[in-house]
Amino acid sequence: MCSNEDAWNILRQEILECQQCPLSETRTQAVPGEGPQKANLVILGEAPGRNEDLQGRPFVGAAGKLLTELLAGAGINRSTVFITNTVKCRPPENRPPAPREREICSPFLQRQLLLIKPKIVCLAGRVPAETILDTSASMSAMHGREYEREGQTYYVIYHPAAGLYTRRLIPTMEKDMLKLKSLLDEKTGQATPIREKQRRLNDFSRP
Ligand code: URA
């Protein structure tokens, strides 16, 4: 029988050696993802960019720096999150991954999610939101909202790169991240129950 650790190693190796789509011909290396194997939160981006392709790690460029800051601002340490992408190899010139490339790559993500069993999968941007939720709704309609699909909770945020191009989106992105943290606390049983909050308020107002 195959242990969880074996399953992780086999999956990682399959991703690194994959040649099922043409992205494998132009990549430097595949980027499987990184983070704890039992993370409560998974962040799903679009595809590796130039820095990720060179380093073999997700979200290590400017968008990644902003993502790390947004997470920290909401009280989420990046090291507690599993971060990966809809496709594991960089599309040439950073074009969006084609529907067929996403389809071919999707079993890798499905297997990662089966192993991790996260409470929430956060979809960062239009490509992961469209791919997973099978919708063409606009990002302005989807961001900051929770979705359920086959027993899995998803939550949509703007892609961090959107904040780099459009700085006025950043306050909205910060608010969405705070909402994600509350949702995560709720799902992991870390939210302070209303009764406890009331007791603390009562204690505070006593002379
Ligand atoms: N953008 C993404 O969508 N993913 C990365 O890993 C880096 C940039």
Side-chain angles (χ1 to χ4, degrees), residues 11-12 14-16 18 21-24 26-37 39 41-74 76-106 108-113 116 118 120-133 135-136 138-140 142-144 154-167 169-170 172-174 176-177 180:
L11 177 53
R12 188 180 160 76
E14 278 183 41
I15 295 173
L16 292 175
C18 178
C21 92
L23 297 183
S24 62
T26 49
R27 72 180 179 216
T28 306
Q29 58 192 314
V31 183
E34 69 180 15
Q37 295 178 3
L41 176 63
V42 166
I43 293 189
L44 184 65
E46 178 175 320
R50 194 169 75 91
N51 293 298
E52 291 75 21
D53 174 72
L54 290 172
Q55 293 185 42
R57 297 179 53 215
F59 280 106
V60 288
K65 185 166 177 285
L66 180 57
L67 175 65
T68 307
E69 284 168 11
L70 287 166
L71 286 167
I76 305 172
N77 192 319
R78 177 179 164 133
S79 66
T80 66
V81 180
F82 190 89
I83 304 179
T84 188
N85 284 298
T86 313
V87 298
K88 313 301 188 201
C89 298
R90 181 192 183 203
E93 313 303 328
N94 292 348
R95 64 161 170 75
R100 183 74 188 126
E101 291 159 356
R102 297 184 221 169
E103 195 182 315
I104 290 171
C105 214
S106 81
F108 288 140
L109 175 66
Q110 297 314 324
R111 284 164 65 191
Q112 287 177 317
L113 295 181
I116 301 169
I120 302 175
V121 179
C122 174
L123 307 171
R126 192 182 53 79
V127 166
E130 261 182 25
T131 309
I132 299 282
L133 303 176
T135 172
S136 53
S138 67
M139 275 309 290
S140 56
M142 285 189 285
H143 80 92
Y154 295 95
Y155 181 83
V156 178
I157 59 169
Y158 281 106
H159 191 283
L164 297 177
Y165 293 118
T166 313
R167 302 299 296 188
L169 273 182
I170 290 190
T172 304
M173 295 169 79
E174 288 170 340
D176 287 349
M177 205 53 101
L180 171 62

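Computed over heavy atoms, backbone and side chain alike; hydrogens, waters and symmetry mates excluded. All ligand and atom numbering here is 1-based and tracks the order in the structure.
- Looking only at atom types and distance, the side chain of Thr68 has a donor-acceptor partner in the side chain of Arg78 under 3.5 Å away.
- Looking only at side-chain heavy atoms (C-beta outward), Met177 and Leu180 come within less than 4.5 Å of each other.
- At the top of the distance list for atom 8 (C) of ligand 1, counting protein heavy atoms only, stands Phe59 CE2, 3.8 Å.
- Within a 6.0 Å sphere centred on CZ of Arg27, heavy atoms belonging to other residues, nucleotides or ligands number more than 12.
- A distance-only check finds no donor-acceptor pair linking the side chain of Tyr154 to the backbone of Ala129 [under 3.5 Å].
- Looking at Glu46 next to ligand 1, an N or O pair under 3.5 Å apart turns up.
- Remark: distances from the non-hydrogen atoms of Ala47 to ligand 1 include one below 4.0 Å.
- Heavy atoms of other residues, nucleotides or ligands lying less than 6.0 angstrom from CD of Gln110 number more than 12.
- Within the 4.0 Å heavy-atom cutoff, His159 counts among the residues contacting ligand 1.
- Under a 4.0 Å criterion applied to the non-hydrogen atoms of Gly45, ligand 1 contributes the atoms 3 (O).
- Side-chain atoms of Thr86 come within 3.5 Å of backbone N or O of Gly45 as a donor-acceptor pair.
- The single protein non-hydrogen atom nearest to atom 4 (N) of ligand 1 is Asn85 OD1, 2.8 Å, given as residue, atom name and distance.
- Backbone and side-chain nitrogen or oxygen atoms of Ala63 are examined, and none is located within less than 3.5 angstrom of a nitrogen or oxygen of ligand 1.
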